[in-house]
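For reference, the structure is listed below as structure tokens.
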Amino acid sequence: NYAGPKAFSEPESLAYKDFLTQHKNELDFVINAHSNGNAFIYPSMVLDKDINERRPGILPIFKDIAANAQFPTGTLKGTSKEVMGIAIGGDQDDWTLGELGIPSVTAELGFVG
């Protein structure tokens with residue numbers, strides 16, 4: 001969980017930023033895939049501001065996906081606070097939604113339920 005000395009200081013996060021910025025008009029939704037167990041994580045904050053203030057109507061869409069999509073048994077679903085016990089503002093999903101206006105979630109893949 002190394003954040004780097006500043007935003008986009010690491011090559012991977014800079015490549016992410018550059019790619020999404022260059023293709024923002026072609027993207028409707030972004031899914032970040034990680035491998036730390038089964039979880040569906042969506043932002044509750046957008047660049048340290050409440051998601052409902054910055055992007056009205058997006059949070060109910062994330063909650064609808066969490067409630068109605070088919071996930072493996074045991075998949076944790078919710079915000080980073082609900083799933084991991086920590087509130088994260090400024091992560092990739094937060095930046096993608098806040099800066100580019102593209103809804104973004106994180107899928108943690110790992111065990112099969």
Would the distance check show the side chain of [X] and the main-chain N or O of [Y] forming a donor-acceptor pair, the cut-off being under 3.5 Å?
X	Y	result
Asp93	Val105	yes
Glu82	Thr79	yes
Thr21	Asp18	no

Are any of the side-chain heavy atoms of Ser104 and Trp95 separated by less than 4.5 Å?
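Contact flag for Ser104/Trp95 side chains = no.
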So, do His34 and Leu109 sit near enough that their side-chain heavy atoms are less than 4.5 Å apart?
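Not in contact.
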Roughly how far, to the nearest 0.5 Å, is [atom2] of [Y] from [atom1] of [X]?
X	Y	atom1	atom2	answer
Lys17	Gln92	NZ	CD	13.0 Å
Glu108	Asn38	CD	CG	9.0 Å
Phe40	Ile31	CZ	CD1	7.5 Å

Start with the C-alpha distance between Leu97 and Ile102, add both sets of side-chain angles, then the distance that settles side chain to side chain contact (heavy atoms under 4.5 Å, CB included), and finish with yes or no.
CA-CA 5 Å; Leu97 181 59; Ile102 304 168; over 6 Å; no
Run the side chain to side chain contact (heavy atoms under 4.5 Å, CB included) check on Leu20 and Leu100 step by step: do they pass?
CA-CA 8 Å; Leu20 265 65; Leu100 302 179; 3.7 Å; yes
Among Ile61, Val83, Leu59, Thr106, find the one that has a side-chain contact (heavy atoms from CB on, under 4.5 Å) with Tyr42.
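Among the candidates, only Leu59 passes.
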Partner of Glu26 by side chain to side chain donor-acceptor pair (under 3.5 Å), out of Lys24, His23, Gln22:
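Testing each of Lys24, His23, Gln22 against Glu26, the sole residue satisfying side chain to side chain donor-acceptor pair (under 3.5 Å) is His23.
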Going by atom type alone, with no hydrogens or angles, which donor-acceptor pairs under 3.5 Å involve a side-chain atom of residues 65-72 and a protein atom two or more places apart or on another chain?
from	atom 1	to	atom 2	distance (Å)
Asn68	ND2	Asp64	O	3.2
Asn68	ND2	Asp64	OD1	2.5

Do Tyr16 and Thr96 have a side chain donor and acceptor closer than 3.5 Å?
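There is such a pair between these side chains.
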Go through Lys77 and Ile41 one step at a time and tell me if the side chain to side chain contact (heavy atoms under 4.5 Å, CB included) criterion holds.
CA-CA 6 Å; Lys77 297 172 264 186; Ile41 303 169; over 6 Å; no
